[in-house]
Colleague: 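Structure in structure tokens, see below.
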2 protein chains.
Amino acid sequence: MSTPQGARARARQEVTAAIKEAARRQLAEEGAAKLSLRAVARELGMVSSALYRYFPSRDDLLTALIIDAYDSLGAASERARDAACDVPPPARWIAVCETVRGWALAHPHEYALIYGSPVPGYSAPDTTVRAAARVGLVLIGIVRDAHLGPGLAGLSVPAGLRPEAERMAADLAPDLPPEAAVALVAAWAQLFGLVGFEIFGQFNRVVEDREAFFRHAAGRLAEGVGLTAA
Amino acid sequence: MSTPQGARARARQEVTAAIKEAARRQLAEEGAAKLSLRAVARELGMVSSALYRYFPSRDDLLTALIIDAYDSLGAASERARDAACDVPPPARWIAVCETVRGWALAHPHEYALIYGSPVPGYSAPDTTVRAAARVGLVLIGIVRDAHLGPGLAGLSVPAGLRPEAERMAADLAPDLPPEAAVALVAAWAQLFGLVGFEIFGQFNRVVEDREAFFRHAAGRLAEGVGLTAA
DNA sequence: CCAAAAAGAGAGCACCGCTCTTGCACGGGA
DNA sequence: TCCCGTGCAAGAGCGGTGCTCTCTTTTTGG
């Protein structure tokens with residue numbers, strides 16, 4: 001992995017990185033639909049068939065970009081969490097949400113790649129799943145900190161959702177009350193609903209001051225998971 | 001518009017409808033990315049160039065499908081609202097939300113077409129915008145009914161959001177309190193966050209009993225806009 | 001009844017993803 | 001140090017795409 005055993009392997013890694021970089025540039029400029037292997041090859045001064053030595057297909061290149069995008073967003077949210085480690089959980093939650101939104105605004109096409117419509121019939125490989133989970137883990141961590149520290153507001157779930165709530169909590173955060181797990185997953189999806197609507201233009205002619213609107217919505221999301229304003 | 005002045009015009013409408021139908025079938029089977037004008041023409045026994053007499057480009061055909069999809073979803077939500085006209089607003093809200101989710105589950109590729117990543121550089125024409133608004137209007141109507149009838153729980157917005165809230169209320173629902181307008185827009189985006197995460201597979205290995213989970217989340221969304229349980 | 005408009009057919013252009021074959025140049029074992 | 005095998009780039013080519021242009025046929029309306 002990190003052992004550059006030979007000059008050969010190193011060159012291969014460099015070319016692979018150059019391909020991904022050029023592809024990411026094209027993705028940012030034209031979007032995933034227009035990303036073309038031949039154009040990437042042209043930009044790199046190669047012939048298109050040479051690219052297949054590095055990525056077996058266009059989908060594999062896209063998958064690599066997807067993983068990188070998840071990692072980039074995950075790292076950004078982790079940095080935001082760490083930078084806000086000394087503010088109370090509700091404010092930390094808002095800070096992470098705003099970082100997610102900021103990342104999406106800065107990388108709209110990469111955001112579309114990971115949270116927009118997936119390719120039909122495309123099922124994410126395991127590596128993708130792991131990368132995708134990072135943002136969620138950050139959010140869970142904030143709620144856990146509140147639970148272990150200043151406390152979490154009590155929530156409730158209807159009886160019919162009880163088993164599911166306990167299953168979700170066992171999988172996601174065994175140390176959290178089941179109702180918090182349910183609220184967390186819902187807030188997670190709702191956060192990306194807010195971000196997606198802004199990125200994809202659904203807020204055009206509807207929301208003007210998006211910064212303020214989002215901050216407020218993120219705060220209400222925090223209340224929804226039981227984070228009480230300090 | 002509705003005057004079939006000649007057999008010629010009627011034939012044109014029929015062919016146009018046949019093209020859209022075949023395209024919708026292909027869309028449902030393979031997704032928007034694989035929708036090909038040539039394949040549609042083949043299925044209809046025409047040559048591909050003949051199709052351009054009806055739709056100037058592939059994007060125009062896609063736009064027609066988008067409008068139809070918005071209309072289909074809008075009509076479904078209006079039917080759900082009318083069917084639940086005699087239950088209290090919170091239950092009506094949940095019914096409409098569940099109908100939106102049901103429509104999305106039944107037409108995942110059409111859902112992806114309208115609420116997934118838009119085509120790069122694609123900007124929705126005005127006709128699209130109007131069709132897109134129908135679901136939102138249904139949600140607004142439910143809150144309005146509650147406001148005029150059994151009452152709406154009081155909400156609050158921070159001072160910084162006040163002007164935006166009043167602007168949004170003036171545009172969307174002048175008879176509603178500004179705080180309700182803000183909550184409504186947020187709930188609207190969050191609803192599609194929940195639906196999108198389920199449709200696009202983000203809930204895989206996370207949420208099992210999606211029916212119950214969604215019902216509960218929709219109920220909490222209703223509370224968030226001030227609809228108090230009867 | 002005939003000119004004009006509309007519609008279909010076909011060839012063709014540039015581009016795409018992907019495959020296969022062919023040379024070549026380099027790197028590691030002898 | 002040499003030399004062979006291997007990894008890589010190059011090129012041609014296949015079937016597909018969106019789209020344009022021209023030509024012919026069909027229908028319509030004055």
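Reminder, nothing fancy here: chain letters follow the sequence lines and each chain counts from 1. From a predicted model like this one, the values you see are computed outputs, not experimental measurements.
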Colleague: Starting at atom CG of B/L62, determine the distance to atom C1' of D/dT17, rounded to an integer number of angstrom.
Modeller: 14 Å
Colleague: Return the value, rounded to whole Å, for the distance between atom CZ of A/R10 and atom C1' of D/dC8.
Modeller: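 Going from CZ in A/R10 over to C1' in D/dC8 covers 19 Å.
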Colleague: Is the closest basic N to carboxylate O distance between A/E164 and B/R210 below 4.0 Å?
Modeller: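 B/R210 and A/E164: not salt-bridged.
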Colleague: Between C/dC18 atom C1' and A/L37 atom CG, what is the distance in whole Å?
Modeller: 9 Å
Colleague: CG of B/D60 versus C1' of D/dG18: gap in Å, rounded?
Modeller: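 Roughly 13 Å, once rounded to whole Å.
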Colleague: Taking the basic N atoms (NZ, or NE/NH1/NH2) and the acidic carboxylate oxygens, is any pair closer than 4.0 Å for A/R130 and A/D126?
Modeller: no
Colleague: Can you see if the side chain of B/S36 gets near the phosphate of D/dG18 - specifically, an N or O under 4.0 Å from OP1 or OP2?
Modeller: yes
Colleague: Rounded to the Å, how far apart are A/L51 CG and D/dA10 P?
Modeller: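 One finds 11 Å between P of D/dA10 and CG of A/L51, rounded.
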Colleague: Would you indicate which nucleotide in C/dG8, D/dG11, D/dT20 comes nearest to any side-chain atom of B/Y52?
Modeller: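 Nearest to the side chain of B/Y52 among the choices is D/dT20.
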Colleague: Is the phosphate of D/dA9, meaning OP1 or OP2, less than 4.0 Å from a side-chain N or O of A/Y54?
Modeller: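 For A/Y54, the contact criterion (side-chain N or O under 4.0 Å from OP1 or OP2 of D/dA9) is met.
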Colleague: Starting at CZ of B/R53 and ending at C1' of C/dA5, how long is that distance when rounded to a whole Å?
Modeller: 10 Å
Colleague: Parallel, tilted or perpendicular for A/F192 and A/Y111, by the 30°/60° rule?
Modeller: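 Geometry flag for A/Y111 against A/F192: parallel rings.
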Colleague: What is the distance from CZ of A/R12 to P of D/dT6, rounded to the nearest Å?
Modeller: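 Rounded to whole Å, this separation is 16 Å.
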Colleague: I want to confirm an ordering. Mapping B/R8 and B/L35 to their closest nucleotides on DNA chain D, which one lands closer to the 5' end?
Modeller: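 Going by which nucleotide is closer to the 5' end, it is B/L35.
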Colleague: Taking any heavy-atom pair under 4.0 Å as a contact, classify B/S57: base, sugar-phosphate, or nothing.
Modeller: sugar-phosphate
Colleague: Which heavy atom of B/A218 sits nearest to which heavy atom of B/W93, and what is that distance?
Modeller: O-NE1, 3.3 Å
Colleague: Distance check needed: C/dA9 P versus B/R38 CZ, whole Å only.
Modeller: 14 Å
Colleague: Whether A/R167 and B/D209 form a salt bridge (side-chain N of Lys/Arg under 4.0 Å from carboxylate O of Asp/Glu) is what I want to check.
Modeller: no
Colleague: Would you say B/R42 places a side-chain N or O within less than 4.0 Å of OP1 or OP2 belonging to D/dT17?
Modeller: yes
Colleague: Of the options C/dA9, D/dG11, C/dC18, whose atoms approach the side-chain atoms of A/S49 most closely?
Modeller: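 Of the candidates, D/dG11 comes closest.
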Colleague: Which nucleotide sits closest to the side chain of A/R58: C/dG8, D/dC19, C/dC18?
Modeller: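 Among the listed nucleotides, the one closest to the side chain of A/R58 is C/dC18.
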